[in-house]
Amino acid sequence: MENKAEFMPRRGLDSFKRSTRRMTRKKQNAAGAIARGVLVAASVTVVGVAGFALLLNWWNAADRVITAVNQVVKFVSILAGVASAMRSGEEGGALRGACVGVLYMALGIVCYSLLMGQSPKLTAYLADLGMGLAAGGLFGMILANRSN
C-alpha cells in the first residue's frame, strides 16, 4: 500500500500554486490595460495616417474621400486598442472599451489642437468623443463575448 502512494500524482499544494499563478497572470490591471489600449490605438493611427499620406502622393482624392478614410482609420484604431486592452471572457468589456475609445479620441483632440495651434471647438469635438465612446463600448461588448 505504501508503494502505491509513491506512484500517485501529486495534487494538493503544488497544483494549487500553479493554478493560482495562472489566474494571477491572466488578471490585468485595468488602468494599465486601458493605457496600453490607448497607446496601441494611437500607434495604429500614426501608421494608418502615414500610409494614407503616402498613398495621397500618387492619388488625388477628394475631401470627402479623405474624411471617410480618416474615420475608417479611427474605427480600426479603436478596435485595435480595445482588442489589446482586454481578453476574451473578461467582464466589463463595454466599460473598458468605452474608456479606451474616449481617451483615444481625447488624446487625438489634444494632439490636433496642439499641432494646429487652435483651441478645441466644443461642438465639433464632442461628436468625436461620442463616437469614441460608442465605438469603444460596442467593440468592448463584442470582444468580451468572443470565445478563445
Out of curiosity, does [Y] fall in the hydrophobic cluster containing [X] (side-chain heavy atoms, cut-off under 4.5 Å, transitive links)?
X: Leu39; Y: Val100; answer: no
X: Val110; Y: Met105; answer: no
X: Tyr125; Y: Leu115; answer: no
X: Tyr112; Y: Val102; answer: yes
X: Met86; Y: Leu95; answer: no

What residues, two or more places apart in sequence or in another chain, satisfy side-chain contact (heavy atoms from CB on, under 4.5 Å) together with [X]?
X: Leu103; answer: Ile34, Val38
X: Leu126; answer: Leu122, Leu129
X: Ala135; answer: Phe75, Ile78, Phe139

Determine yes or no for a side-chain-to-main-chain donor-acceptor pair under 3.5 angstrom, with Arg36 supplying the side chain and Ser84 the backbone.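 Confirmed, Arg36 side chain pairs with Ser84 backbone.
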Suppose clustering is done on Ile, Leu, Val, Met, Phe, Trp and Tyr with side-chain heavy atoms closer than 4.5 Å. Which residues sit in the same group as [X]?
X: Met141; result: Leu138, Ile142
X: Val40; result: Val44, Val72, Val76
X: Trp59; result: Val49, Phe52, Leu55, Leu56, Val65, Ile66, Val69, Val73

Once salt bridge (charged side-chain N to carboxylate O under 4.0 Å, His left out) is applied, what residue pairs with a partner in [range] remain, sequence neighbours excluded?
range: residues 136-145; answer: none
range: residues 37-61; answer: none
range: residues 67-81; answer: Lys74-Asp128

Summary of side-chain hydrogen bond (donor to acceptor under 3.5 Å, both in side chains) pairs that have at least one residue in residues 48-58, sequence neighbours excluded: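 Qualifying pairs: none.
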What pairs of residues pass the side-chain hydrogen bond (donor to acceptor under 3.5 Å, both in side chains) test when at least one of them lies in residues 38-48, not counting sequence neighbours?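 For residues 38-48, and leaving out neighbouring residues, the side-chain hydrogen bond (donor to acceptor under 3.5 Å, both in side chains) pairs sorted by first residue read Thr45-Ser77, Thr45-Tyr104.
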Work out which heavy atom in Ala144 is nearest to a heavy atom in Gly93; give both atom names and the distance.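 Here Ala144 and Gly93 meet closest at CB-CA, 4.0 Å.
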